[in-house]
Trainee: 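One structure, as structure tokens, below. Some questions next.
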Amino acid sequence: MIANPNILSEDKVKENILLRPVSIEIKDVTVSFPTPKGEYIAVKDINLEIRKGEIISLIGHSGCGKSTLMSTISGMVKPSKGEVIVNGKKVTGAGPDRGIVFQNYSLLPWLTVYQNIYEAVDSCIKNISADEKHSIVERHLEMVNLTPHKDKLPKQLSGGMKQRVAIARAFAINPSVLLLDEPFGALDALTKGSMHVELLKLWNLDNRNKTIIMVTHDIEEAIFLSDRIVVLNNGPAATVKEIEIVGLPRPRNKKDIVNLPEYKTIRERLLNLLVEKFSIEDEGVKFEE
Amino acid sequence: MDKSNQQLGATALKVVTYRTGRFLYFLLGMSFMLIIWHISSLSTDGELPGPIQTFSVFYDLVSHPFFDYGPNDKGIGNQLLSSLERVTKGFIIGSIIAIPLGLIMGSSTLGMNLLNPMVQVLRPVSPLAWFPIGLVAFQSAHTSTVFVIIITSLWPTLINTAFGVSTIPQDHKNVAKAFGFSTFKYITKVMLPYTLPHIITGLRLSVGIAWMVIVAAEMLSGGVGIGFFVWDSWNALSLEKVFSAILIIGLVGFVLDKSFKSLQTRYSYDS
Ligand SMILES: Nc1ncnc2c1ncn2[C@@H]1O[C@H](COP(=O)(O)OP(=O)(O)OP(=O)(O)O)[C@@H](O)[C@H]1O
Ligand SMILES: [Mg+2]
């Protein structure tokens, strides 16, 4: 195997990352929910330091606590132990410095596509004229190809369209941190591909200063987009199982990177981390045959 | 093309037959009622007026609805309008009080704890019990009738509004939090739109009860109004007029309910 000079070694990547200022610190975070059967610990003792401009993917099995961790960073859920620090300030509540795409889109059903985005822009971006606000909305509608649908209500949209509205809304408020909870989950492969490009464009536009945390179930997507991939254990009391560093050089080309041996190694490692559970079930099936 | 036309025709036919079906049932029910009415009239030897006498009186009443020959001789239209005016006033004032209180009650535990016990105790009281209090307070039978309607219109609106606000889904609240909505924006873009269908349900119930209560209240207050007309006709021993009034009260109540129902469907949304 010939070493590709563009591929950075893990140590080199770590070094580069450490040059940047800290964006998000997750310190000893435990989140539990009161339930009728007592306290349910969703995630436990999570420690994670994310640097400015990093793209981080969170991967883990359904129900392990990915959304819970995202809500904790956004300030919507209070950790029962530990703290989250964003841009040097302890998180005590939600704020427009963190744009969020909710897993269930969370559009307001009585507002049109346009209004859903406009109301967010209107409350998050002060000191600009209404005209400028409108042009921000138009631009982001264009970005997600929803301009022809801007006057529709959420109930008139497909799942993928709703998701794109949610993405446009989160991007439009121009936050320094983007929290994306399965933002491309309901999209077809083609749209997904173009949304990946849009996401990276946006990130490049801002000199790669935006920190992005994204939950995904799609390993290829995670490798293509991320600097690091955080794999969570299964819940309850999920912890960080492994952090994979993706040393692939940017800009990445989807077609080219899949042939790189480094890509295959990371993919293999992630699959092993995530899929061991299924192989046991497969054996069970074979046993029955 | 042919097939879809056929299908269209079939659906249209279904709608038509459905409508005619409903109308036939309506006719059937009505004739059944009229027959029973006629028989009971015959069996009381005409002491209870039958449909035919009643409809001739009804026709007289509605063919000259507006005239005013002094305090005890006014057209049915005048009576009806004065009742509607009282209900409208009372209903509007009651709603203006009930909606904000409901919003407060639904959105804060403090508000709920403060207001709920009072609401629970006062709600079961017949609004007519407030009539004497109104008389003392306002020294006027007319105002005190409006006062009774105000009280009547409070409870359903208050309770439905509070319920609506307290069931705003966490998702919607999260959107407001995540995107830093001001309190004003939260109220106008989340709370009110979500609660509006509940508020309208409350208003619909309120106006329905108010229309029932006005008849009784006007029997107490006297002077003018459809309730007073019923009482006055009874004193004049004209049961035909009483029956006619019942019919008119029913029709007006039906129209009121229908209009609020159409508001309800107009402002309901599904996510
Ligand atoms: N408000 C809550 N009250 C009680 N339990 C909760 C609450 N929110 C989440 N949980 C529990 O915490 C665990 C993690 O939930 P979470 O939504 O974070 O999972 P997830 O990793 O995002 O799953 P998915 O991939 O299916 O979206 C689940 O077992 C869930 O039942
Ligand atoms: Mg989730």
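Chain identifiers are assigned alphabetically (A, B, ...) following the order of the sequence lines, protein sequences preceding nucleic acid strands; residue numbering begins at 1 within each chain.
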Trainee: Which one of A:Pro96, A:Cys124, A:Gly93 has the most heavy-atom pairs closer than 4.5 Å to chain B?
Mentor: A:Cys124

Trainee: For residues B:Lys177 and A:Ala94, report the shortest heavy-atom separation together with the two atoms involved.
Mentor: O-CB, 3.4 Å

Trainee: Checking an interface table here. Which of residues 48-58 of chain A come within a heavy-atom distance under 4.5 Å of chain B?
Mentor: none

Trainee: Is atom CZ of B:Phe254 surrounded by more than 12 heavy atoms (other residues, nucleotides or ligands) closer than 6.0 Å?
Mentor: no

Trainee: Does A:Lys81, at its NZ atom, have more than 12 non-hydrogen atoms belonging to other residues, nucleotides or ligands within less than 6.0 Å?
Mentor: yes

Trainee: Using a cut-off of under 4.5 Å on heavy-atom pairs, state which of B:Ala178, B:Ala176, B:Pro169 scores highest against chain A.
Mentor: B:Ala178

Trainee: For the CZ atom of B:Phe179 and the CD1 atom of A:Ile117, what is their distance to the nearest 0.5 Å?
Mentor: 10.0 Å

Trainee: Evaluate the side-chain proximity of B:Asp171 to A:Tyr105: yes if any heavy-atom separation is below 4.5 Å, no if none is.
Mentor: no

Trainee: Taking only residues two or more places apart in sequence or in another chain, which ones pass side chain to side chain donor-acceptor pair (under 3.5 Å) with A:Ser176?
Mentor: A:Asn87

Trainee: Chain B heavy atoms under 4.5 Å from A:Asn104: which part of the residue, side chain, backbone, both or neither?
Mentor: side chain

Trainee: Which bit of A:Ile100 comes within less than 4.5 Å of chain B, counting heavy atoms only: side chain, backbone, both or neither?
Mentor: both

Trainee: Is any side-chain heavy atom of A:Glu119 closer than 4.5 Å to a side-chain heavy atom of B:Val175?
Mentor: no

Trainee: For A:Ser74, is it the side chain, the backbone, both or neither that has a heavy atom under 4.5 Å from a heavy atom of chain B?
Mentor: neither

Trainee: Surrounding NZ of A:Lys89 (heavy atoms of other residues, nucleotides or ligands, distance under 6.0 Å), is the total greater than 12?
Mentor: no

Trainee: Surrounding CZ of B:Phe260 (heavy atoms of other residues, nucleotides or ligands, distance under 6.0 Å), is the total greater than 12?
Mentor: yes

Trainee: Quick one: which residues of residues 133-141 of chain A reach chain B at under 4.5 angstrom, heavy atoms only?
Mentor: none

Trainee: Answer with side chain, backbone, both or neither: which region of A:Leu179 has an atom nearer than 4.5 Å to a non-hydrogen atom of chain B?
Mentor: neither

Trainee: Pull out the residues in residues 181-190 of chain B that come under 4.5 Å of chain A, heavy atom to heavy atom, sorted by number.
Mentor: B:Phe181, B:Lys185, B:Lys189, B:Val190

Trainee: Rounded to the nearest 0.5 Å, what separates atom CE in A:Met76 from atom CD in B:Gln170?
Mentor: 8.5 Å

